[in-house]
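All values derive from a computational prediction rather than experimental measurement.
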Amino acid sequence: MTIQQTDLRAADDAPPALTPEAILQLGLGFWGSKTLLSAVELGVFTELGDGPVLGDELAARLGLHPRSRWDFLDALVALGMLERDDGAYRNTPHTALFLDRSSPSYIGGMLEMANARLYPFWGSLTDALHSGQPQNEARHGGEVFAALYRDPERLRQFLHAMTCLSMGTHKAIAARFPWRRYRTFVDVGCAEGGLPVELALAHKHVTGTGFDLPAAQPYFDEFVASFGLRERLRFQPGDFFAEPLPAADVLVMGHILHDWSLEQKRTLVAHAHAALPTGGALIVFDTVIDDDRRRNAFGLLMSLNMLIETPAGFDYTAADCQAWMREAGFRDTYLEHLAGPDSMIVAIK
């Protein structure tokens with residue numbers, strides 16, 4: 001009897017049995033991901049922008065087949081992307097704010113690009129792991145940015161996606177960097193101008209320049225004009241490897257360094273040092289990987305995305321970047337978290 005009681009106590013103290021649930025959720029995570037991406041593509045959240053819609057009417061608006069409609073819509077409910085009451089579907093507070101195209105906080109541009117480009121390219125990740133070669137438009141020759149910048153519609157989608165991806169980060173930079181000490185800035189690789197607009201709106205004393213390849217200028221000019229900021233923000237076309245960077249008190253490189261090889265990263269940091277006055281600042285922001293390479297899963301996955309997207313790009317730790325900055329001649333550097341997986345590394349000349 002004593003032995004039986006001991007066995008029961010041992011069973012009570014035993015660790016819980018291992019289950020494969022977490023592994024299966026991760027391995028099949030693309031089911032939920034593609035359901036959300038297709039919902040963005042179809043405009044589900046925009047259709048619900050004015051309020052709840054009955055399921056039959058919503059399915060008809062979206063052109064859903066009778067076989068797919070209820071599983072698709074109810075899967076979005078189960079995933080926390082929609083709410084349903086008495087047969088009517090509506091946005092959640094989050095999807096109303098971030099996935100309705102009429103919302104000023106819309107981030108769906110990034111998801112639209114992910115659906116159109118990244119989702120199919122990531123299907124070739126195993127090939128990339130073996131070959132070390134890009135799996136995007138450049139897979140069969142050419143260079144990804146050259147291919148993107150030749151296609152006006154894909155370029156517009158890409159540039160707008162960059163604004164959506166960094167919206168929270170731009171607001172954090174405007175709030176946390178000591179802009180009162182500076183009057184001019186250049187956003188290197190400015191896309192359509194999301195950061196320059198955010199800085200100009202938040203700090204009336206600053207003026208700025210967007211520096212990017214010439215094909216980006218119409219999109220930059222249009223975006224800046226929509227905020228009435230053409231008097232304070234201008235575009236300067238150029239190639240940051242082929243010519244000196246424009247001079248300013250502050251240079252910003254956001255989601256730029258991770259596109260390039262180690263040698264090219266060092267070159268860009270050196271170019272920034274040369275363009276800045278004494279006391280000037282370089283702000284680099286990316287999905288900076290933690291120095292132990294254990295916690296920032298998004299940053300590590302972004303680095304795999306650079307494997308898919310670029311010939312030699314990779315994400316990096318703060319220690320890596322600060323070492324490149326010191327090599328270039330910067331005297332002080334510091335790291336500060338911004339929003340989500342993004343952090344900025346600031347260097348003072």
Side-chain angles (χ1 to χ4, degrees), residues 28-49 61-65 68 72-73 75-76 79 81-82 91 94-95 98-103 105-128 133-167 189-194 212-213 215-216 218-220 222-223 254-256 258-259 287 298 301-311 313 315 340-341:
L28 299 176
F30 66 92
W31 289 3
S33 173
K34 190 61 178 77
T35 299
L36 174 60
L37 295 179
S38 289
V40 172
E41 179 184 4
L42 292 171
V44 171
F45 309 103
T46 303
E47 288 292 341
L48 296 172
R61 291 186 194 177
L62 299 173
L64 300 180
H65 190 277
S68 70
F72 176 62
L73 295 174
L76 290 169
L79 290 167
M81 298 292 102
L82 290 180
N91 286 326
H94 280 83
T95 55
F98 295 116
L99 293 180
D100 177 355
R101 292 187 181 113
S102 64
S103 169
S105 300
Y106 180 67
I107 64 164
M110 181 62 198
L111 299 182
E112 290 170 13
M113 186 190 75
N115 189 50
R117 296 184 63 252
L118 301 183
Y119 191 86
F121 296 153
W122 267 74
S124 300
L125 175 61
T126 304
D127 292 345
Q133 298 300 311
Q135 302 299 310
N136 54 14
E137 294 93 342
R139 184 172 186 174
H140 302 294
E143 196 271 320
V144 60
F145 291 109
L148 275 174
Y149 277 65
R150 282 196 302 267
D151 184 330
E153 189 50 43
R154 296 198 108 178
L155 177 59
R156 177 184 289 276
Q157 183 185 64
F158 174 78
L159 297 179
H160 186 60
M162 295 303 98
T163 298
C164 295
L165 175 66
S166 301
M167 189 180 302
C190 61
E192 67 177 2
D212 210 319
L213 295 173
Y219 309 102
F220 179 93
E222 177 183 348
F223 189 73
H255 297 152
I256 295 296
H258 73 169
D259 291 330
T287 53
F298 192 98
L301 293 171
M302 179 64 84
S303 200
L304 287 178
N305 193 58
M306 293 302 100
L307 170 67
I308 294 285
E309 287 274 61
T310 70
D315 282 72

Next item on the list: List for me each residue that meets side chain to side chain donor-acceptor pair (under 3.5 Å) alongside Glu41, sequence neighbours excluded, and say none if there are none.
Entry: Asn115
Item checked: Minimum heavy-atom distance between Cys164 and Gly108, given as atom pair plus value -> SG-N, 4.5 Å
Check: Is Met162 close to Glu192 at the side-chain level, that is, under 4.5 Å between some pair of heavy atoms?
Finding: no
Notebook entry, point to check: Applying the side chain to side chain contact (heavy atoms under 4.5 Å, CB included) test to Met110, which of Leu118, Val40, Thr163 qualifies?
Noted result: Leu118
Checklist line | Side-chain (Thr46) to main-chain (Arg101) donor-acceptor, under 3.5 angstrom | finding: yes
Checklist line | All ring pair (Phe, Tyr, Trp, His ring centres under 6.0 Å) counterparts of Tyr219, not counting sequence neighbours | finding: none
Check: Any idea which heavy atoms bring Pro341 and Phe298 closest together, and the distance?
Finding: CG-CD2, 3.4 Å
Note to self: I'd like to check the side chain to side chain donor-acceptor pair (under 3.5 Å) partners of Thr126; sequence neighbours left out, ordered by chain and number.
What the structure shows: none
Next item on the list: Would you check if there is a donor-acceptor pair between the side chains of Thr310 and Asp259 at a distance under 3.5 Å?
Entry: no
Next item on the list: Please check if the side chain of Thr95 supplies one atom and the backbone of Met81 the other of a donor-acceptor pair under 3.5 Å.
Entry: yes
Note to self: Can you give me the closest heavy-atom contact between Ala216 and Ala191, atom names plus distance?
What the structure shows: CB-O, 4.3 Å
Check: To the nearest 0.5 Å, how far apart are CD1 in Ile256 and NE2 in His258?
Finding: 7.5 Å
Margin query: Less than 4.5 Å apart, side chain to side chain, heavy atoms only: is that true for Arg156 and Pro152?
Written below: no
Notebook entry, point to check: Going from CG on Leu82 to CG on Leu36, what distance comes out if it is rounded to the nearest 0.5 angstrom?
Noted result: 9.5 Å
Notebook entry, point to check: Can you check whether Glu309 reaches Arg117 side chain to side chain, under 4.5 Å on heavy atoms?
Noted result: yes
Notebook entry, point to check: Taking all atoms of both residues into account, what is the closest heavy-atom pair of Ile308 and Phe121, and its distance?
Noted result: CG2-CB, 3.7 Å
Note to self: How close do Cys190 and Phe220 get, counting heavy atoms only, and between which atoms?
What the structure shows: SG-CD1, 3.8 Å
Notebook entry, point to check: Hey, does the side chain of Gln135 reach the backbone of Gln133 with a donor-acceptor pair shorter than 3.5 angstrom?
Noted result: yes
Check: Distance from His160 atom NE2 to Ile107 atom CD1, nearest 0.5 Å?
Finding: 10.5 Å
Notebook entry, point to check: Between Asn91 and Phe45, is there a donor-acceptor pair closer than 3.5 Å when you use the side chain of the first and the backbone of the second?
Noted result: yes
Item checked: Nearest heavy-atom neighbours spanning Leu76 and Ala39 -> CD1-CB, 3.9 Å
Notebook entry, point to check: What distance do Ser38 atom OG and Leu62 atom CG have between them, rounded to the nearest 0.5 Å?
Noted result: 11.5 Å
Note to self: Can you confirm whether Phe72 sits close enough to Thr35 that some side-chain heavy atom of one is under 4.5 Å from a side-chain heavy atom of the other?
What the structure shows: yes
